[in-house]
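Some notes on the structure that comes next.
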Amino acid sequence: MGKQRVLSGVQPTGNYHLGNYLGAIRNWVEGQSEYENYLFVADLHAITVPHDPTMLASDTYTLAALYLACGLDLNHSTIFVQSHVSAHSELTWLLNCITPLNWLEDMIQFKEKAVKQGENVSAGLLDYPVLMSSDILLYQADKVPVGEDQKQHLELTRDIAARLNHLFGKPDQPVLKLPDPLIRKEGARVMSLADGTRKMSKSDPSDLSRINLLDTPEQIQYKIKRCKTDPIRGLTFDDPERPECNNLLTLYMLLSGKSKEAVTAECQDMGWGQFKPLLTETTINALKPIQEKYQAIMDDRSYLESVLRDGREKAQAIANQTLAQVKAALGYSMPL
Ligand code: TYM
């Protein structure tokens, strides 16, 4: 039996932060040799909210370079850009027509983002989870490693696949595979530095709320110095009254690679004045190799372009095959 297939992606909307890394990219890297991995830059998703056309292409390259810098290995992983594989858009249309509208209206992220957009909510924002379902289903993915915030979209993906199989497949021959989410407990929900009850987010207007993967040591130091804490001495995990404390200890644990027990023992008697410099140094050291590799990749644009060209070819081969199967199941005639 071949390896199971993994698929995941990040939107190229700038400000790639520790949540994206610890909730998603790090997990892709760590598990990659066990799976056949398809990891893409979700640039069609990036225009579901107002975007800057002068930044879209450069944000896309930056993100692809970060994937490599974080440790994706081309022997195990295919990296590509969503808009380079037109099957994503085409399957989205087909799936749109079998997805009940009220399934989309129930999506928490839509409701949250729609509130922020006011009158300007696009049909694309409502439809975003169908595009995401297409991304996943096109590759017949077994596993989708994401952070906690994407869980509802994965449930929807399974519902859409099951509906299509039920309506158009044969009982013993499903058209689409139902994927499983892969959500690691630790790091699945990295919280804002400004408020431990809100998740760290690319779209937070305050840059002080997040640590970006490309922040300088000075920025990291400043942000950790300014981040929200509490007046209690002694640091503990899992105290619901101390969300910032839990978040910062979790960041320290994940970035240092130490166990929860070891961090508990090390930090239980510390005050913030002692802990913050420790977290600062650990964060800077964890990001340094990624930043160095990122710079080297960005300096060799033709290499990056060749990676994305190869990725597109491999992705297209699988995506086009699934698209043809779905079209056949829906009754389309094939082009002559
Ligand atoms: P995006 O770009 O918002 O986030 C990319 C990944 O980072 C995770 N993440 C977090 N994890 C932990 N803590 C946080 N604070 C945090 N913030 C973000 C997200 O869960 C995600 O795994 N719709 C997706 C992109 C996408 C996709 C897909 C993912 C499009 N098609 C198909 C998987 C499969 C998104 O907007 O992620």
Side-chain angles (χ1 to χ4, degrees), residues 5-29 31 37-49 51 59-60 62-64 66-67 70 80-83 85 87-89 91-92 95 107-110 112-113 124-125 127-158 160-161 179-204 209-213 243 246-247 250-251 254 315 319:
R5 198 173 285 158
V6 152
L7 177 124
S8 198
V10 175
Q11 290 193 49
T13 40
N15 303 332
Y16 312 109
H17 54 70
L18 281 181
N20 301 134
Y21 179 59
L22 298 172
I25 304 173
R26 178 189 62 128
N27 301 333
W28 310 346
V29 170
N37 308 280
Y38 286 81
L39 301 159
F40 69 101
V41 177
D43 60 345
L44 295 173
H45 279 86
I47 66 162
T48 54
V49 292
H51 83 288
D59 281 343
T60 298
T62 296
L63 184 55
L66 269 175
Y67 284 1
C70 288
F80 66 101
V81 178
Q82 186 185 29
S83 66
V85 181
H88 290 249
S89 305
L91 184 62
T92 301
L95 297 184
M107 292 293 112
I108 298 165
Q109 267 208 351
F110 170 69
E112 285 173 359
K113 288 193 185 176
L125 188 65
D127 201 33
Y128 160 136
V130 182
L131 177 59
M132 180 160 163
S133 301
S134 301
D135 300 336
I136 297 167
L137 299 172
L138 271 178
Y139 298 87
Q140 307 279 10
D142 297 284
K143 298 260 181 331
V144 185
V146 284
E148 181 74 34
D149 60 346
Q150 296 300 322
K151 196 166 168 215
Q152 199 189 24
H153 292 156
L154 286 173
E155 284 158 7
L156 179 91
T157 302
R158 290 173 62 90
I160 292 176
D180 286 314
L182 202 64
I183 302 177
R184 278 238 220 133
K185 192 169 157 279
E186 259 80 37
R189 201 167 166 80
V190 173
M191 308 311 277
S192 158
L193 295 185
D195 177 352
T197 63
R198 278 191 297 124
K199 73 168 184 175
M200 188 176 282
S201 158
K202 287 185 223 151
S203 58
D204 192 314
S209 69
R210 62 185 159 255
I211 292 177
N212 300 312
L213 298 183
N246 186 58
N247 188 44
T250 304
L251 287 181
L254 294 173

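Whatever order the structure lists them in is the order used to number ligands and atoms, beginning at 1.
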field: Protein residues that have a heavy atom under 4.0 Å from any atom of ligand 1, sorted by chain and number
entry: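 For ligand 1, the residues that come within the 4.0 Å heavy-atom cutoff are L7, S8, G9, V10, Q11, H17, G19, N20, G23, A24, F40, A42, H45, Y128, M132, D135, I136, V144, V146, G147, D149, Q150, G187, A188, R189, V190, K199, M200, K202.
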
task: Tell me, please, which residues at least two apart from Y21 pass side-chain hydrogen bond (donor to acceptor under 3.5 Å, both in side chains).
output: none

field: side-chain hydrogen bond (donor to acceptor under 3.5 Å, both in side chains) against T92, all qualifying residues, sequence neighbours excluded
entry: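 Expected list: S134.
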
- line: Tightest non-hydrogen contact, residues H88 and L131, listed as O-CD1, 4.0 Å

- prompt: Are the side chain of N20 and the backbone of H17 linked by a donor-acceptor contact shorter than 3.5 Å?
  reply: yes

- request: For the residue pair H45 and Y128, categorise the inter-ring angle as parallel (less than 30°), tilted (30 to 60°) or perpendicular (more than 60°).
  value: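 It falls in the perpendicular class, over 60°.
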
statement: Here the salt bridge (Lys or Arg N to Asp or Glu O under 4.0 Å) pairs for residues 132-149, sequence neighbours left out, are D142-K177, D149-K199

